[in-house]
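So the structure is just underneath, and the comments pick up after that.
To find a chain, count down the sequence lines: A is the first, B the second, and so on, and within it residues start at 1.
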2 protein chains.
Amino acid sequence: MELRDLRTLIGIAESGSLSGAARKLNLTQPALSASLKRLEDELKVQLVARHSRGADVTEEGKFVLQKAYAILHDVADMTTVAQDLIEEPIGDVRLGLPTTVAGGITAELVHRLCTRHPLVRLHVIEAMSGVLVEQLQLGRLDMAILFDIQPMAGLRSEPILIEEPRLLVSGSHELASRKQIRLDELDQLELVMPSQVHSIRGLIDRISKSEGVSLKIIADVDSFPGIVSLVQKGYPTIFPTYLVREHIERGTIAAIPLVQPRIDWTLHLATRQDSVRPRASLATARLLIDLCSELVVNGIWPGRLHPRRAP
Amino acid sequence: MELRDLRTLIGIAESGSLSGAARKLNLTQPALSASLKRLEDELKVQLVARHSRGADVTEEGKFVLQKAYAILHDVADMTTVAQDLIEEPIGDVRLGLPTTVAGGITAELVHRLCTRHPLVRLHVIEAMSGVLVEQLQLGRLDMAILFDIQPMAGLRSEPILIEEPRLLVSGSHELASRKQIRLDELDQLELVMPSQVHSIRGLIDRISKSEGVSLKIIADVDSFPGIVSLVQKGYPTIFPTYLVREHIERGTIAAIPLVQPRIDWTLHLATRQDSVRPRASLATARLLIDLCSELVVNGIWPGRLHPRRAP
DNA sequence: TCTTTGATATAAATATTGTTTATACCTAAC
DNA sequence: GTTAGGTATAAACAATATTTATATCAAAGA
């Protein structure tokens, strides 16, 4: 089946005759006749009742007609999308970032976006991964960085990079000089962690359970500065290192790689796909991914590029 | 634009190369290449990045691809609908009927449907017109007979017949022998009527207001048998005559045509259009319309066919 | 009633368009 | 370097949609 014949059907429905449709579509009447016949033969339904004063769409035809309109409407949508994609990006973009990511990239991203795409206005919403997924689905966000996302209708997601969280201890902690540490060694420590609504906590809980290690978590702290100060006071945590980079450089916090098992997760950029004017989203996504890749390649953001991004 | 090229794009996306898509679509690689070029030229966007190891859909291409899937999905839907239309009708049909219609046609409709389309199960829901519209929109009904409907998304409606309500008085009433009556003569009478949620009452109210006639309605009665017994006790009403046919023949109720202004309304059959398997609905709709037309033509149902049904 | 008008159907010729064939070229992998 | 697997391009070819020309039909009007 081809769109040509659907356009024919619509033309006939709207003009009430094959000849009328032919005039409207700049074709001859036999061409219309043949086109309609093609469609009817393919669907094996009589769509149009021809008579000497014109032609009427049959009851059956009206059902098919309805679908034909929907299809051609979507086709028009598609060309609109394509048009939009080649024009200068403009409009609002609502970007959701998890706490552990937002602090490190927001400023630079906003700066680059202003420079490269001055007509795009960026709204950054910082929240937990779970909240971001919800907001995305509700349409309140255009895109978000998420952890280990599963495919969802209307969303397209792309892996960006793989992060390895580390054991963070204060610089004066007895473990501070360790080059690596096994998960089962942690059962002696009094840890602080974010609560289970954070995906990192969920991951740690799952892994420690499957490894048969019981961690002593003495407090759930859903505050990044709170966790940092607790680490410095002697309560270790397992956390991505990006945001504590300065502390590590100053030596006030040590970040010890975890081995056996190795723990990592993938950061994805998930984007809503239903927009009819997606160019602003697309431009932002590109800058965002470029920025993240750059930070990782330059070693500023500890982690490695996802294989699909750096082959 | 034609579907051929959209299929090409999807094939390339799914196989990761032009040659792969060509194999899958039973075409040669240059044909695919040309098809893709056509699409890209038309949309003026590069959809696929070609390289020596295959081809990747670009970011822009993914937006277009998404729409392409939607379109071809709808095309598949359309063929399903068409298939359904030529097979033996089967399934459940939920039909909504206003009170003044249900009593007169339900039995015969069920009987005919059982005979002609034994695989179709009919559910008749009797309710007020306003309720029926709601239920239709909510998807709880497949079709309904409604009064003076306005076009709505997802519904197709077709006029069936025009009813003229009459003044019903008891056989012994002083007006019982009148051949016709003007609306302004009714201001002396003590009337009963259905409440304003019924469309007949809304119509009467609008007309009497615009004609400057104030009717004395002494009770709102939302019960058909209630109204009939009140008429017999001496309180006239304005009502369709179909359901009181027997009373009229026995002379216990007289039905007096209203003139100046003439009052009428059109009964429509409204059908949901979003079903993927509409043949049962369609078959039922046809029987229903045939039945109504028959009753009108034979004079059993007072009214006249809509001009579009009886040219 | 006969003619005219405006519609559709059909067949053959034509034009367009998509497809294949043949070839060149590119790049990653061996 | 050679090979394998990919894409691009041009010309020949095939398929198919379109036009032209004609036949047919039904309703409206003389």
Which residue pairs pass the ring pair (Phe, Tyr, Trp, His ring centres under 6.0 Å) test when at least one of the two sits in [range], sequence neighbours left out?
range: residues 270-303 of chain A; result: Y242(A)-W301(A)
range: residues 23-68 of chain B; result: none
range: residues 263-297 of chain A; result: F147(A)-W265(A)

Return the value, rounded to whole Å, for the distance between atom [atom1] of [X] and atom [atom2] of [N].
X: M1(A); N: dT16(D); atom1: CE; atom2: P; answer: 16 Å
X: D41(B); N: dT9(D); atom1: CG; atom2: P; answer: 11 Å
X: R23(B); N: dT7(D); atom1: CZ; atom2: C1'; answer: 13 Å

Who pairs with [X] by side-chain hydrogen bond (donor to acceptor under 3.5 Å, both in side chains), at least two apart in sequence or on another chain?
X: D84(A); result: R279(A)
X: Q66(B); result: none
X: E164(B); result: R262(B), R304(B)
X: R286(B); result: E60(A)

State, to the nearest 10°, the angle formed by the axis through the first five base pairs of the helix from dT1(C)-dA30(D) to dC30(C)-dG1(D) and the axis through its last five.
10°
Taking protein heavy atoms under 4.0 Å as touching, what does nucleotides 9-21 of chain C look like 5' to 3' if B marks base contact, S marks sugar-phosphate-only contact and - marks none?
BB-------SSBB
Nucleic acid footprint by protein, nucleotides 25-30 of chain C - heavy-atom cut-off 4.0 Å, B for base, S for sugar-phosphate alone
-BSSS-
Just jot down the salt bridge (charged side-chain N to carboxylate O under 4.0 Å, His left out) partners of R245(A), sequence neighbours excluded, or say none.
E249(A)
Between E108(B) and R112(B) (salt bridge meaning N to carboxylate O under 4.0 Å), is one present in this structure?
yes
Would you mind listing every side-chain hydrogen bond (donor to acceptor under 3.5 Å, both in side chains) that reaches into residues 24-35 of chain A, with sequence neighbours excluded?
D5(A)-S35(A), T8(A)-S35(A), E14(A)-K24(A)
